[in-house]
> 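Right, I'll just put the structure down here and ask away after.
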Amino acid sequence: MKLINSTRGTVIAQDLIKAHSFWSRFKGLMFRHDMPHDAALHLHPCSSIHTFFMKFSIDVIYINEQNVVVGIEKHLAPGKVGGRFKRARSVIELPAGALGDLSTGDTVAFAEKNQAI
């Protein structure tokens, strides 16, 4: 799947991986050495994260039930606890520096890889 910024009509990530089961959310990005620059991990349901046992910094997008961005964290370092955003219902983790022009209030969408934006 692709992650799209619907508000601005831009692609945020070409390779979105879903972590929608307990075990896939639990594992997340722990113990990985890096993440491809065009990848993202969607944790759902999820309202907060940590970077314990991670080896690289990430950018984090917090979205509500309507896929509106309610919080953003840039360059969250390993061994840290992410912020708490009251209306967050899922979280998207990306390599540090991958957010582009995304802002709080923008809407994101999930599309098949071959689907045009």
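The shown structure was predicted, so the numbers you read here are calculated from the model rather than taken from an experiment.
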> Between His42 and Ser90, is there a side-chain heavy-atom distance shorter than 4.5 Å?
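Sidechains of His42 and Ser90: in contact.
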> How close do Phe110 and Leu3 get, counting heavy atoms only, and between which atoms?
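It is CE2-CD1, 3.7 Å.
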> Enter the distance from His37:NE2 to Gln14:CD here, rounded to the nearest 0.5 Å.
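Between His37 NE2 and Gln14 CD, I get 9.0 Å after rounding to 0.5 Å.
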> Are there more than 12 heavy atoms of other residues, nucleotides or ligands under 6.0 Å from atom CZ of Arg8?
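Yes, enclosed.
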> Tell me, do Pro45 and Arg89 make a side-chain contact under 4.5 Å, heavy atoms counted?
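SC-SC contact between Pro45 and Arg89 ruled out.
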> Can you give me the closest heavy-atom contact between Val69 and Ser103, atom names plus distance?
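Closest heavy-atom pair between Val69 and Ser103: CB-O, 3.8 Å.
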> Is Met1 linked to Leu102 within one hydrophobic cluster, defined over Ile, Leu, Val, Met, Phe, Trp and Tyr using a side-chain heavy-atom separation of less than 4.5 Å?
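Yes, Met1 connects to Leu102 through the hydrophobic network.
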> Please give me the minimum heavy-atom distance between Ser47 and Arg84, naming the atom from each residue.
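Closest approach of Ser47 to Arg84, heavy atoms only: OG-NH1, 4.0 Å.
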> Any side-chain heavy-atom pair from Gln66 and Thr107 closer than 4.5 angstrom?
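No, their side chains stay 4.5 Å or more apart.
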> Please report the shortest heavy-atom distance between Ala96 and His75, naming the atom on each side.
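Closest pair (atom of Ala96, atom of His75, distance): CB-ND1, 3.2 Å.
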> Only one of Asp106, Thr104, Val91, Leu94 forms a side chain to side chain contact (heavy atoms under 4.5 Å, CB included) with Ile61, so which one is it?
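Per the side chain to side chain contact (heavy atoms under 4.5 Å, CB included) rule, the option paired with Ile61 is Leu94, out of Asp106, Thr104, Val91, Leu94.
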> Picking from Asn5, Ile92, Asp38, what satisfies side chain to side chain contact (heavy atoms under 4.5 Å, CB included) with Ile12?
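The single option meeting the side chain to side chain contact (heavy atoms under 4.5 Å, CB included) with Ile12 is Asn5.
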> When hydrophobic residues are tied together by side-chain contacts of less than 4.5 Å, even through go-betweens, does Ile72 share a cluster with Ile63?
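The answer is yes; both residues are in one hydrophobic cluster.
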> Quick one: do Val81 and Ile49 satisfy side-chain contact (heavy atoms from CB on, under 4.5 Å)? Show the steps, please.
CA-CA 6 Å; Val81 175; Ile49 57 120; over 6 Å; no
> Search all heavy atoms of Pro95 against all heavy atoms of Pro36 and return the closest pair with its distance.
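So the minimum-distance heavy-atom pair works out to CG-O, 3.1 Å.
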> At what distance, to the nearest 0.5 angstrom, does CG of Asp34 lie from CE of Met54?
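So the CG of Asp34 and the CE of Met54 are separated by 10.5 Å.
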> To the closest 0.5 Å, what do you measure between SG (Cys46) and NE2 (His20)?
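Interatomic distance, Cys46 SG to His20 NE2, rounded to 0.5 Å: 10.0 Å.
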> Working to the nearest 0.5 Å, report the span between CD of Glu93 and OG1 of Thr51.
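Answer rounded to 0.5 Å: 9.0 Å.
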> Roughly how far apart are Leu99 CG and Ile58 CD1, rounded to 0.5 Å?
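Output value for this atom pair is 10.5 Å.
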> Check Ala111 against Ile4 and note the closest heavy-atom contact, atom names and distance.
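Minimum heavy-atom contact is CB-CG1, 4.2 Å.
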> Count I, L, V, M, F, W, Y as connected when their side-chain heavy atoms are under 4.5 Å apart, and connections chain through other members. Are Ile17 and Tyr62 then in the same cluster?
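Hydrophobic grouping puts Ile17 with Tyr62.
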